[in-house]
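Let me begin by presenting the structure, written as structure tokens, before commenting on it.
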2 protein chains.
Amino acid sequence: MEFDCKNTRKTRQRQVVLETLKETTAHPTADELYEEVREKMPRVSLGTVYRNLEILSTCGEIIKLDLGEGKKRFDARMDPHHHFRCTQCGRIYDLPFIPVEGIMQEAARMSHFKVTGIQIGFEGVCDACLGNEKKNTKEVMQ
Amino acid sequence: MEFDCKNTRKTRQRQVVLETLKETTAHPTADELYEEVREKMPRVSLGTVYRNLEILSTCGEIIKLDLGEGKKRFDARMDPHHHFRCTQCGRIYDLPFIPVEGIMQEAARMSHFKVTGIQIGFEGVCDACLGNEKKNTKEVMQ
DNA sequence: ATTATATTAGTAAAAATTATCAATAAGGAG
DNA sequence: CTCCTTATTGATAATTTTTACTAATATAAT
């Protein structure tokens, strides 16, 4: 039942998926990453990208993000940090880490539940959109 | 382009959707709420439930939640509070509000972005699952 | 080299959500 | 109340995102 990360094999596909994700800071979706991986491995399948992203995140090599867009995004940056989504251009930015242990402890204290994780997503308007309102979504996306 | 909440009509379907959501604290998905609404209005369509949940949340009458499950949930409780998802039984619990202005200001200060919103979702193990580990998912869901 | 099995490509299917459209009904004007 | 505009509905199709299936292949241990 439990997935065993020690029994995974170092396949070429999995290496390319991880390596390609590490090359970007754009927090791509599975489909977006698939397009990039295809440039290196034209015969790779979308299912393989999905499967490897799932395995890599389960095994703690990458992070699976859900910023409330109805699809998942992935991030190979593993040091503690937060994410910010610009509501105008849709870009996802990294934000430096802000300690959240206090909030988690407070939540645990009030609920008596065992709080093991916290998902924080910031949203607002990014520098580019603040300074240049006339750029539309298409022009600044990705 | 911008949706105008003042031009909406008070339809029977919209009223029943809102009223039904207000009757529960289970944070139902659109599909789950559809089943409940059908008991009062057997001929209502799933699309109507989706559409009204979208309109009601856009107009600030309910809250749309995304706790990273790959589907949206809805909440008619409008006072400030947080959400906790039990990773064992899947239930969503309300948690009292914990002030988050400090974190938002810190994020804005570090990024120089305009931070307008923050999504926080806690996860862990709830009281019921902590105290009674042998209950499985099926038994305790909903 | 042999072997066990994790993984793959390709495809189908599932799940969640959105779009389409003729028919209906809300709500304002007269 | 009646007429009229148009927001909304039910029914269904289509889209989007993700997962499942399967025979063939590749990985890594023996």
Quiz item: Partners of E101(B) by side chain to side chain contact (heavy atoms under 4.5 Å, CB included), sequence neighbours excluded?
Solution: F97(B), P99(B), Q105(B)
Self-check item: Bounds of contact between DNA chain D and chain A, in 5' to 3' order, using a heavy-atom cut-off under 4.0 Å
Solution: dT17(D) to dA28(D)
Practice problem: Name all residues meeting the side chain to side chain donor-acceptor pair (under 3.5 Å) criterion together with E23(A); count only those two or more places apart in sequence or in a different chain, and write none if there are none. | Solution: K40(A)
Quiz prompt | Inter-axis angle, terminal five-pair segments of the helix from dA1(C)-dT30(D) to dG30(C)-dC1(D) [nearest 10°] | solution = 40°
Self-check item: R14(B): side chain to side chain contact (heavy atoms under 4.5 Å, CB included) partners, not counting sequence neighbours
Solution: T8(B), T11(B), N52(B), I55(B), L56(B)
Exercise. Please list, chain by chain and in numerical order, all residues satisfying ring pair (Phe, Tyr, Trp, His ring centres under 6.0 Å) with H83(A), sequence neighbours excluded.
Key: H27(A), H81(A)
Quiz item: Hey, does the side chain of T29(B) reach the backbone of K72(B) with a donor-acceptor pair shorter than 3.5 angstrom?
Solution: no
Quiz prompt | Residue pairs fulfilling disulfide (SG to SG under 2.5 Å) with at least one residue in residues 38-74 of chain B, sequence neighbours excluded | solution = C5(B)-C59(B)
Quiz item: side chain to side chain contact (heavy atoms under 4.5 Å, CB included) with Y50(A): which residues, sequence neighbours excluded?
Solution: A30(A), L46(A)
Practice problem: Name all residues meeting the side chain to side chain contact (heavy atoms under 4.5 Å, CB included) criterion together with D4(B); count only those two or more places apart in sequence or in a different chain, and write none if there are none. | Solution: K6(B), N7(B)
Result block: side-chain N/O donor-acceptor pairs under 3.5 angstrom for residues 109-117 of chain B, not counting sequence neighbours:
| residue | atom | partner | partner atom | Å |
| --- | --- | --- | --- | --- |
| R109(B) | NE | E106(B) | OE1 | 3.3 |
| R109(B) | NH2 | E106(B) | OE2 | 2.9 |
| S111(B) | OG | A107(B) | O | 2.7 |
| S111(B) | OG | F113(B) | N | 3.1 |
| T116(B) | OG1 | E123(A) | O | 3.3 |

Quiz prompt | Pairs satisfying salt bridge (charged side-chain N to carboxylate O under 4.0 Å, His left out), at least one member in residues 46-68 of chain A, at least two apart | solution = E54(A)-K64(A)
Quiz item: Between atom CD in E69(A) and atom P in dT18(C), what is the gap in whole Å?
Solution: 13 Å
Quiz prompt | Letter per nucleotide, 5' to 3', of nucleotides 6-16 of chain C [B base touched, S only sugar-phosphate touched, - untouched; heavy atoms, 4.0 Å] | solution = BSBBB-----S
